[in-house]
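As C-alpha cells, the structure follows; a few thoughts come after it.
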Amino acid sequence: MVVVLANPPVVDQIPLLRSPGPRDSFSCVPVVDLSGPGAARAIVDACERFGFFKVVNHGVPAATMDVAESEAVGFFAQAQADKDRAGPRASYPFGYGSKRIGLNGDMGWLEYLLLAVDSASLSDACPVPSGAAFRSALNEYVAAVRDVAARVLEAMAEGLGIADAAALSSMVTGAGSDQVFRVNHYPPCPALQGLGCTATATGFGEHTDPQIISVLRSNGTSGLQVALRDAAQAQQWVSVPSDRDAFFVNVGDSLQVLTNGRFESVKHRVVTNSLKSRVSFIYFAGPALEQRIAPLAQLLAEGEESLYREFTWGEYKTAAYKTRLGDNRLAQFQRCSI
Ligand SMILES: C=C1C[C@]23C[C@@]1(O)CC[C@H]2[C@@]12CC[C@H](O)[C@@](C)(C(=O)O1)[C@H]2[C@@H]3C(=O)O
Ligand SMILES: O=C(O)CCC(=O)C(=O)O
Ligand SMILES: [Fe+2]
C-alpha cells in the first residue's frame, strides 16, 4: 500500500508504506527448540504452514552474535566515503552497497555488506570488511550460523522421513556449495519524522529468497514482516517480533522445488521507522552451482510428477539475478500444466 507524500528528495525512489497495526503482529510465529526431541516434526509443520519459523536453544553463544553486531555497528558508523571505498568493484559483485539492491533498479532505505562465503568463513577473495576484528567476528558468526543451517536441514530431512539424514544438509555444506552472507543496516528514516509512529519506509522490498534456506538474526529492532495466507488464500502482511537471541529461518525457492511445493518459499520484506536502527545478519544457504534442483525422489508419491522443469542451482541463480526483487522467480521454471 503506497502512501503518496510530498516527494522528500532522499526517499523519492523508496516506497513509503502504511505500517501494520498491532493486531498484525505474528505473535504466534512457530518456535523450534533445536536441541529438543520435537525439532524435526516442528520444523516440517512450520514449513508446511508458513515457510518460516524461529529457532531457539541453538547453542550459538550470545557473545558470538553480540560481538559481530557491535563490529557491524562500528563499520556502518564510518564516514560515507570510507564505506563507499568498500563498494563492489566492476569485476567483483560483493562489498558495501547503499539503497540499491541488486542490479535491476530495486531501492530500499538501507545499507549493507554482501559477502561471499567459502566453506565456513568469508571468502579470501572478499576484500571487505578489511578490519581484522570485524572480519574475525564475522568469521566466527558465519561458522556458527552455517552449523545451525546444517542442523536445521538435518532435522528437516528427518521430519520429512528421508532415509539419508544428510540429503539436504550436505547440499549446503558440501564442496562448492554456494553460500552468501549479508549484513544489513536500516538507519532511521528522517523523512518519516513527524508523520506519526506508524509511518514506515521500505527497507528491503517484498521478495522470496532463491536459496534452500536463509538463517536470519537481527538486533532488537523489529521491521521484518512475512506474508501469510489465510483460509481463502488472501495474503496478509504480519510483523515478526524481534528476538536478538533467536534465529529466524526462511524457506527459499530451491527448497520449494526440492519438496515439490509441499513447502512454499516465504514472501518477506523489511520496513524501517523514524526512530531505531535495525541491524540484521542473513546467511543464505545454497547448493553448488551444478546441483540439480528437482523434487527429492523420497518425497514424491507414486505417480506424482515434478511441478517444475529441471534446472541446476547455477541456472536458477543466473535467472534470479536478472529479475526484480518482487518478481515470482520460480514462475519461469513451473511446468505449463499448473
Ligand atoms: C533484485 C535482486 C537482489 C537479489 C538479486 C535480485 O536480482 C533478485 C534476488 C535478490 C536476492 C534476495 C535474497 C538475498 O538478499 C540475495 C543476496 C539473493 O541471493 O537474492 C538478493 C540479491 C542481491 O541482493 O543481489
Ligand atoms: O534484513 C532483514 O531482516 C531481511 C533482509 C532480507 O530478507 C534479505 O537480505 O534477503
Ligand atoms: Fe530475504
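Side chains included, hydrogens not; waters and symmetry mates left out as well; all remaining heavy atoms used. Counting convention: from 1, in listed order, for ligands and their atoms alike.
- Heavy atoms of Arg278 come nearer than 4.0 angstrom to ligand 2 in at least one pair.
- Each of the following atoms of ligand 1 lies closer than 4.0 Å to a heavy atom of Asn104: 7 (O).
- Summary of contacts: the protein heavy atom closest to atom 9 (O) of ligand 2 is Arg182 CD, 3.1 Å.
- Geometry about the Fe ion (ligand 3) gives an angle of 90° between NE2 of His268 and NE2 of His207, rounded in steps of 10 degrees.
- Within the listing of ligand 1, atoms 13 (C), 14 (C), 15 (O) sit less than 4.0 angstrom from a heavy atom of Phe284.
- You'll find the side chain of Phe76 reaches within 4.5 Å of the side chain of Glu111, heavy atoms only.
- Considering backbone and side-chain atoms together, Asp106 places no N or O closer than 3.5 Å to any N or O of ligand 1.
- Residue contacts with ligand 2 leave out Tyr112, since none of its heavy atoms falls under 4.0 Å from the ligand.
- Considering backbone and side-chain atoms together, His207 places no N or O closer than 3.5 Å to any N or O of ligand 1.
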- request: Give the intermediate values and the outcome of side chain to side chain donor-acceptor pair (under 3.5 Å) for residues Asp230 and Gln236.
  value: CA-CA 7 Å; Asp230 64 17; Gln236 196 200 353; over 6 Å; no

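- Of all atoms in ligand 2, listed by their number and element, those nearer than 4.0 Å to a heavy atom of Tyr186 are 1 (O), 2 (C), 4 (C), 5 (C).
- Counting only heavy atoms of the protein, atom 21 (C) of ligand 1 lies nearest to Arg182 NH1, 3.8 Å.
- Heavy-atom contacts of Ile282 reach the following atoms of ligand 2: 1 (O), 2 (C), 4 (C), 5 (C), 9 (O) (cutoff under 4.0 Å).
- Atoms of ligand 2 found under 4.0 Å from any heavy atom of His268 (numbered from 1 in listed order, with element): 7 (O).
- For the Fe ion (ligand 3), the nearest N, O or S atom contributed by Asp209 is named OD1.
- Scanning all protein heavy atoms for the shortest distance to atom 11 (C) of ligand 1 gives Pro210 CD, 4.3 Å.
- Less than 4.0 angstrom separates some heavy atom of Ser280 from each of these atoms of ligand 2: 1 (O), 2 (C), 3 (O).
- Less than 4.0 angstrom separates some heavy atom of Asp209 from each of these atoms of ligand 2: 10 (O).
- Looking only at heavy atoms of the protein, atom 13 (C) of ligand 1 is closest to Asp209 OD1, 3.3 Å.
- Closest to atom 18 (C) of ligand 1, if we only count protein heavy atoms, is Tyr321 OH, 3.1 Å.
- For atom 10 (O) of ligand 2, the nearest protein heavy atom (residue, atom name, distance) is His207 NE2, 3.1 Å.
- Of all atoms in ligand 2, numbered sequentially from 1 with element shown, those under 4.0 Å from a heavy atom of Phe284 are 8 (C), 9 (O), 10 (O).
- Contact of the Leu168 side chain with the Leu296 side chain is registered, since non-hydrogen atoms from C-beta on lie closer than 4.5 Å.
- Shortest contact from atom 10 (C) of ligand 1 to any protein heavy atom: Leu325 CD1, 3.8 Å.
- Among all protein heavy atoms, the one lying closest to atom 5 (C) of ligand 2 is Asn184 ND2, 3.4 Å.
- A distance below 6.0 Å separates the ring centres of Phe26 and Phe50.
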message: Using side-chain contact (heavy atoms from CB on, under 4.5 Å), reason through Arg278 and Asn184 one step at a time and then give a plain yes or no.
response: CA-CA 8 Å; Arg278 174 178 168 88; Asn184 287 332; over 6 Å; no

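- Under a 4.0 Å criterion applied to the non-hydrogen atoms of Val270, ligand 2 contributes the atoms 1 (O), 2 (C), 3 (O), 4 (C).
- Separation of the Phe181 and Tyr141 ring centroids falls under the 6.0 Å cut-off.
- Using a 4.0 angstrom heavy-atom cutoff, Phe204 counts as in contact with ligand 1.
- Counting atoms of ligand 2 from 1 in the listed order, those under 4.0 Å from a heavy atom of Leu216 are 2 (C), 3 (O), 4 (C).
- Among the atoms of Gln211, some N or O lies under 3.5 angstrom from an N or O of ligand 1.
- Just one residue in the list Tyr308, Phe333, Tyr321 forms a ring pair (Phe, Tyr, Trp, His ring centres under 6.0 Å) with Tyr316, and that residue is Phe333.
- Residue Thr323 places at least one N or O, backbone or side chain, under 3.5 Å from an N or O of ligand 1.
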